[in-house]
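Take a look at the structure below.
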Amino acid sequence: MRMTRAEAKDRNRQALLEAARRIVARDGHRARLEEIAEQAGLTTGAVYSLFGSKNGLLIALVTDYLGPHYDGIEQAVSPGLEVVEAVEVFARHYRRLCDDPDALRHLSFEISLQDLALRDPELRPKLAASVRAHEERLTTLLSGRSHNGNVLTSRQAQRLATALRALLVGLSQGVILGLADAAPGEYFAAAACALVTPEVLGPP
């Protein structure tokens, strides 16, 4: 059965994203657009048609990579939990991701993307904006939950989300690299819950 134009476009898009993920993880800032297109079985023209530029492809790659990650978080943290309970579940979920057989490959990809952003002043703000957009999903997930008889405001949830992401990314990298072997889910949960303080949350 012949594919529709929309189906062909989606297939080409996914092929380019998969090729880019492999090559960026392997080559970092040396990743070549021509090789990405070749591995996807397409031309560089397809990249410009679908993503506008190499940077457009890389930003789509971040969105494609982070989307399922935050989907999993939202599914793990149920709506009825209070703030501390939600943070504990979130931290334990993050720790489980470290045991994924592909965790080291994912970390290599993340570091390669950061390296690309550091070397490209045009890519840097776009990458930061994409990460912030996903962090806002965590902010929304935490906002409105009860804590010590009050309700967490959006401003407080944003401050907590920023701290949690920084802490858990650092701890996860330590586990994956073998620097924090004695860091089970309980450790992640305790460290994350320790952030739920007036100093971190700030005023409403």
Side-chain angles (χ1 to χ4, degrees), residues 55 58-100 103 106-107 109-111 113-177 179-180 182-204:
N55 280 353
L58 293 175
I59 293 304
L61 194 58
V62 174
T63 301
D64 185 72
Y65 173 76
L66 287 178
H69 172 69
Y70 278 89
D71 289 343
I73 291 170
E74 289 174 351
Q75 291 169 11
V77 183
S78 60
L81 299 177
E82 295 189 357
V83 172
V84 173
E85 294 172 323
V87 166
E88 180 177 352
V89 170
F90 170 50
R92 289 179 182 276
H93 173 79
Y94 223 101
R95 175 60 182 85
R96 286 194 295 273
L97 294 176
C98 299
D99 296 326
D100 188 309
H106 292 322
L107 178 58
F109 169 68
E110 291 170 8
I111 292 173
L113 274 177
Q114 291 169 7
D115 180 46
L116 278 165
L118 288 172
R119 295 169 183 272
D120 187 336
E122 292 185 4
L123 177 61
R124 197 178 311 144
K126 294 178 181 178
L127 177 62
S130 181
V131 172
R132 275 196 299 269
H134 285 87
E135 191 174 289
E136 286 172 9
R137 293 179 63 177
L138 179 57
T139 298
T140 301
L141 187 66
L142 295 171
S143 183
R145 295 178 185 271
S146 61
H147 177 60
N148 289 344
N150 298 308
V151 172
L152 207 68
T153 66
S154 179
R155 179 182 177 183
Q156 291 174 317
Q158 190 275 323
R159 287 169 59 91
L160 179 57
T162 298
L164 283 170
R165 189 178 65 80
L167 171 71
L168 294 176
V169 165
L171 285 176
S172 296
Q173 289 181 359
V175 171
I176 294 168
L177 294 173
L179 303 174
E186 292 78 9
Y187 182 88
F188 270 56
C193 289
L195 292 174
V196 188
T197 65
E199 291 78 13
V200 171
L201 298 180

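For Ala117 against Leu127, the heavy-atom pair with the smallest separation is CB-CD2, 3.3 Å. For the pair Leu97 and Ala103, the tightest heavy-atom approach, listed with the atom from each and the gap, is O-CB, 3.8 Å. Counting all heavy atoms, side chain and backbone alike, Leu201 lies closest to Gln156 at O-CG, 3.3 Å. When all heavy atoms are compared, the tightest approach of Leu195 to Val200 is O-CB, 3.0 Å.
Counting only distance, with no hydrogens or angles, the side chain of Arg95 and the backbone of Val175 share no donor-acceptor pair below 3.5 Å.
For an aromatic pair to be called close, the ring centres must be under 6.0 Å apart, and His93 with Phe188 fails this. Residues Phe109 and Tyr65 bring their aromatic ring centres within 6.0 Å.
Between Arg124 and Arg119 the shortest side-chain heavy-atom distance does not fall below 4.5 Å. Using a 4.5 Å cut-off on side-chain heavy atoms (C-beta onward), Ile59 and Leu123 make contact. Side-chain contact between Glu110 and Leu107: present, with at least one pair of heavy atoms (C-beta onward) separated by less than 4.5 Å.
A salt bridge is absent between Arg145 and Glu85: the closest approach of a Lys/Arg side-chain nitrogen to an acidic carboxylate oxygen does not fall below 4.0 angstrom. A salt bridge does not link Glu136 to Arg132: none of the charged side-chain nitrogens sits closer than 4.0 Å to a carboxylate oxygen. A salt bridge links Arg165 with Glu135; the closest basic N to acidic carboxylate O contact falls under 4.0 Å.
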